Amino acid sequence: MRIVSFFGYLGLGLVAILLVSCIPSVFSAGFFGYWQNVIHLVEQVMDPTQWVYTTPFNRTYSITYFFGDAISYSMTILVLALVTGFGGGMLFAVFSFLLPKKVVEPMKRLGNIAESIPDVLIAFGIQLLVVFLYKQFGFLLLQFSSVGNDEIYILPILIIAILPFFSFYRIVLSMLEEERSKDYVVLAQSKGLSKSYILFVHMLRNILPTAFLHTKVITWATMSTIPAIEYIMNLYGITSILKDLLLMNAPNAIEIFFILVFFFIPFYIIYGVADRVLVRKSVVKQEQPVWRKVPLIGKRQKGSTLFLKGNIKYSPVYRNWKFMTGSALILLLFLSSCLYTVWANPSIQVSEYRYEDGKMVDRAPFPPDDDYWLGTDRSGKHLDDVLITGAKFTIGFAILLAAFRIGGGLLLAIPYVLLVPMKVRESLDKFTDILHYIPQSLLALFLLNPIIGPSVYYDLNIMEKIFWQMLILLLLVLPLTTSLLSKEIDQALSTAFVTSGTVLGGSKLHLIRKHVWPQIRMRCFILFGQQTAQVLVLFIHLGIFAVYFGGTVVKGDLVYPATTEWSSQIPFLRYMLMQPEGYYSAVVIAAFLFLIFCVQMIVEGLKEVEHSRLGIKGTKHSRLKVTESDKQAAAGLTASSDAFRFHDKTIELK
């Protein structure tokens, strides 16, 4: 039965990819034309003789032949980067666990900072450093770009491995620290076993299955960086095909289908087999939760609210300096951008040419000087004006899209938990999990390029472009946020005091409003901050391929971004690498890093407040004194699966 389920969801995943591959045709052929394209794509997939790719020069090749070398190169880099990242993260976490806590804390902070820096910006920074060293000293540190069909491995693998390395390091170290308090570890210590023996013989064997399953989300995030890294390093991988598909002509559905399938199948097999091998299903039949037997809407019963607010001591969020500092900096930047746009005339100064004694001596781009503090771009726009006016678009769009993702996910998760049967939910969750095997940035490029890409295929105004872009970027993640928040709600409903609330006559909606929302509220705010950071990174990935938020405008033979959103300056970075003063374009990198750092400060502040509420962790200067009754109450208020992890306590020492 499990084998049937495995291949069944594989088939559903292929069907989902097939339907998604035809979505760009909606704008040209309409709703009925979309289904005609779906039928045509099915016929092409079923007939191998139609698996062909036509280049912009009207040359026809077999898709498997033409895509084969590029896909294999991309997959080689991706797999080696994941192995390097996960293997290094595991070894470093084990090594850190054996070190004193005072030594590990700075390493953990450094890891949190490094994990928040997008891979693309790290790649840009390394390229700028290599070019700077070569220009100043004539020393080529590393080969950072390929020419023609040359293949380079070391630098792209190391850059892509940064995210899985630090993410897996943090997860494994956190699990080891939590495992240290388990009963069997205490028993082993009482028998005189060494710390290293307990770690390698018992603790690692207990956490490795769960730790491996955590790599699924990390792998999904890492896959999204492949197109961007390959493009800025000029690698002959999947991006060599994307240049033709996205920048020269509109991709056909068959081409989109096969590229997505090449990523989907290998990782689905790996994690599908791991899920069935590592996750052991309980043979005990679980009874239906009590809250499912109560009506959806009912009268409120006196005394039915048992949420124990007074038993947990925690500081309000406005007392956390990280949250307040990050929020204040983002708010100040947003308001400054709005006020400057209204006050300055013009809001963006342009210096396309430089004159001396009435004669033109140079043209943009210009390096920083007294006239333009941060220099100019290729069209002569002052970068300081571009950054300050574009801040409102970057911040506003990122926050708005993250709010839609979390708010929409929460609104869908409530009826999803309350009304959908558990067996149906399990099937839908597995189907939603398929999205973890498709690169988000790659899928977004295929769907957005016909609407807002550099080659305009459909006549839409800027508001229509923004609407469709917001809708597509929302739908790409909405199933995942809905599934995640439904698990949060389900876990909150399983607590003891919710059962007591049902006994006292509370309806389902009353339980959600009075018991569940106070538990998951802070978790939603944390997810909102994390989604904001993910949207900013996605903007960078799209900007590399000239897919800007709000689209582009055509003036003569040139194409310009419709807004001054910061990702519009990303292609300028790649152009400036080989210019004499190319290093000054690092200011765009610094702007994105500053904004992402502020968002990370907000998230860290929210996590500290949540940990304080749960009695898990105090601040550096003030540790909470939590009694045993407080701990029991805190355990009942757990809103996240990351807060506590339950392990098998029947482990016997050998």
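Sequence positions, counted from 1, serve as the residue numbers for this chain. No experiment lies behind these values; they were computed from the predicted model shown.
Side chains of T219 and F86 form a contact here, defined as non-hydrogen atoms less than 4.5 Å apart. Inter-residue side-chain proximity for Y268 and I265 is flagged as unmet; no heavy-atom pair is nearer than 4.5 Å. Using a 4.5 Å heavy-atom threshold, the side chains of L480 and R405 count as separate.
Aromatic pair W220/Y437: centroids not less than 6.0 angstrom apart. Between F393 and F549, the distance from one ring center to the other does not fall under 6.0 angstrom. For F212 and Y271, the ring centers are positioned less than 6.0 Å apart.
The stretch residues 159-168 participates, sequence neighbours left out, in these side chain to side chain donor-acceptor pair (under 3.5 Å) pairs: E115-S167.
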For this session: Start with the C-alpha gap between K216 and D433, add the side-chain angles, then the distance that decides, and say whether salt bridge (charged side-chain N to carboxylate O under 4.0 Å, His left out) holds.
Result: CA-CA 10 Å; K216 184 186 298 182; D433 195 49; 2.8 Å; yes
For this session: Begin with the C-alpha distance, continue with both residues' side-chain angles, and end with the deciding distance and a verdict on side-chain contact (heavy atoms from CB on, under 4.5 Å) for T481 and L527.
Result: CA-CA 9 Å; T481 57; L527 290 174; over 6 Å; no
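Of all heavy-atom pairs spanning C598 and I330, the tightest one is CB-CG1, 3.6 Å. Taking both residues in full, the closest heavy atoms of L428 and Y416 are given as CB-OH, 3.4 Å, listed atom of the first, atom of the second, then distance. Scanning all heavy atoms of the two residues, the minimum distance from S224 to Q440 falls at OG-N, 3.1 Å. A pairwise comparison of heavy atoms in I17 and S21 identifies O-OG, 2.7 Å as the closest pair. Minimum interatomic distance between L410 and L485 (heavy atoms only, all atoms of both residues): N-CD1, 3.4 Å. Heavy-atom minimum distance, V261 versus P266: O-CD, 4.2 Å.
Every residue two or more places apart in sequence or in another chain was checked for a ring-ring contact (aromatic ring centres under 6.0 Å, His included) with F404, and none qualifies. Contacts of F334 classified as side-chain contact (heavy atoms from CB on, under 4.5 Å), with partners at least two apart in sequence or in another chain: C338, K392, I395.
Side chain to side chain, S567 and E565 meet the donor-acceptor criterion of an N or O pair below 3.5 Å. Side-chain atoms of H40 and N37 include no donor-acceptor pair closer than 3.5 Å.
In this structure, F258 and F262 have tilted ring planes: the angle between them lies in the 30° to 60° band. Using a 30° and 60° split on the angle between ring planes, Y73 and Y153 fall in the perpendicular class, above 60°.
For Y9, the OH atom counts as densely surrounded, since its 6.0 Å shell holds more than 12 non-hydrogen atoms of other residues, nucleotides or ligands.
With rounding to the nearest 0.5 angstrom, the CG atom of L473 is 12.0 Å from the CG atom of L478. Within the model, atoms CD1 of I406 and CG of L401 stand 10.0 Å from one another, a figure rounded to the nearest 0.5 Å. Between the CE atom in M90 and the CD1 atom in I171 there is a gap of 10.5 Å [rounded to 0.5 Å].
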